[in-house]
Amino acid sequence: MAESTFATIQHLLAECSEDERHALFQALRADHQIHQLEQTFGARAEVILEAIHRAPELTRRMLRGVIADAAFAQSVVPALAQRGWRDDTPDGNHAFDHRLRDTVGAVTVQVKLQRSERGQPVVTNGRRFGLAAGMYMVEPQRTRTGKSLDGNGEETKTRPYRYGEFDILAVSLQPSCGDWGAFRYTLGNWLLPGAGPNEIATYQPVAMRPNEDWTDDFDVAAGWLRAGMVKRIGNTNQVEDLLSRQ
DNA sequence: TCCTTCGCGCTCTGGATCAG
DNA sequence: CTGATCCAGAGCGCGAAGGA
């Protein structure tokens with residue numbers, strides 16, 4: 001199409017009424033697929049969205065987590081590609097959501113939404129963790145309770161994550177800032193310990209602003225990981241108490 | 001009061017068990 | 001041995017019950 005024709009159409013569109021533009025959109029939409037999922041499901045995007053709209057709150061809840069994961073893939077991963085990282089996520093189910101690789105090696109990432117309650121981000125008073133008042137929370141645990149037998153025939157809980165299952169925790173800050181592209185990172189090995197052997201606690205405080213434990217820059221977190229520093233988020237007596245439980 | 005733990009809707013997968 | 005069937009575990013987050 002000649003550039004002038006294209007400009008003419010744009011000009012005509014601007015003069016159309018809302019109804020006319022809607023009719024034109026429908027005509028274009030008839031043979032234009034928005035996303036390949038339409039083909040996978042054999043359903044138009046409008047039907048898929050209506051299904052989500054009708055789904056129970058619990059199902060939509062699930063979707064918010066999946067959206068956070070997709071947002072990481074669509075906003076963070078391409079930006080990191082400019083800085084020498086490539087997506088190296090293997091097929092199948094793993095304790096991590098993404099694996100990124102640069103010339104130094106691979107880094108695994110688990111994405112979680114920061115904890116919300118009644119539509120608002122949870123903010124603790126910090127007492128429990130002995131930290132300054134005002135911390136966001138994140139709940140890094142699997143979503144279904146299960147048990148499995150370990151090597152000694154002992155029954156272990158499968159719901160908690162364990163140290164070493166992922167390198168970096170990426171917390172989506174969408175609930176507090178409304179931006180699906182906003183993530184705050186810390187290291188899996190820095191998270192507070194849970195009750196069981198090698199378990200990560202199911203509740204973790206997240207700094208409201210980047211600090212020495214939490215960063216908004218993935219490269220900084222990768223740097224922390226590769227520096228191999230051994231520590232836990234927060235650095236107080238109460239955290240020491242938690243550590244002593246291990 | 002605040003923290004911790006559990007269960008839920010929906011769906012898929014893989015392993016165990018059963019019948020033929 | 002093969003195919004069918006059953007069931008537990010897992011993916012996702014948040015409300016609510018229970019505990020300190």
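Below, all heavy atoms of this structure are taken into account, side chains as well, without hydrogens, waters or symmetry copies. Letters A, B, ... are given to chains in the order of the sequence lines, protein chains preceding strands, and every chain is numbered from 1.
None of A:Asp219, A:Asp167, A:Asp102 except one satisfies the salt bridge (Lys or Arg N to Asp or Glu O under 4.0 Å) rule with A:Arg226; the exception is A:Asp102.
Close to B:dT5, at under 4.0 Å from its OP1 or OP2, lies a side-chain N or O of A:Thr202. Checking the phosphate oxygens (OP1, OP2) of C:dC14, a side-chain nitrogen or oxygen of A:Arg64 falls inside 4.0 Å. A close approach under 4.0 Å does not occur between any side-chain nitrogen or oxygen of A:Arg118 and OP1 or OP2 of C:dC14.
Evaluation of atom-type donor-acceptor distances gives a pair under 3.5 Å for the side chain of A:Glu139 against the base of B:dC6.
Counted by atom type alone, A:Ser17 and A:Asp19 present zero donor-acceptor pairs between their side chains at under 3.5 Å.
Both A:Arg142 and A:Gln114 lie close to DNA chain C; mapped to their nearest nucleotides by heavy-atom distance, the more 5′-ward contact belongs to A:Arg142.
Here the C1' atom of nucleotide C:dG15 and the CE atom of A:Met137 are 16 Å apart, to the nearest Å. Protein atom CE of A:Met62 is 10 Å distant from nucleotide atom P of B:dC10, rounded to whole Å. Rounded to a whole Å, the CZ atom of A:Arg159 is 7 Å from the C1' atom of B:dG7. Here the C1' atom of nucleotide C:dA16 and the CD atom of A:Glu117 are 9 Å apart, to the nearest Å. B:dG9 atom C1' lies 13 Å from atom CZ of A:Arg60, rounded to whole Å. Look at CZ on A:Arg61: it is 17 Å from P on C:dG11, rounded to the nearest Å. Between A:Lys112 atom NZ and C:dG11 atom P there is a gap of 8 Å when expressed in whole angstrom units. We find that CD of A:Gln141 is positioned 13 Å from P of C:dA10, with the value rounded to whole Å.
No donor-acceptor pair closer than 3.5 Å links the side chain of A:Arg232 to the backbone N or O of A:Pro193.
Using a 4.0 Å heavy-atom criterion, one finds that A:Phe96 contacts no nucleic acid atom at all. Residue contacts for A:Gln120: at a heavy-atom cut-off of 4.0 Å it reaches no nucleic acid atom on any strand shown. Heavy atoms of A:Gln174 sit nowhere under 4.0 angstrom from any nucleic acid atom.
Closest of all the heavy-atom pairs between A:Tyr136 and A:Ala207 is CD1-O, 4.3 Å.
For A:Thr59, the listed nucleotide lying nearest its side chain is B:dC10; candidates were B:dC10, C:dG13, B:dC3.
Within a 6.0 Å radius of CD in A:Gln74, other residues, nucleotides and ligands contribute 12 heavy atoms or fewer.
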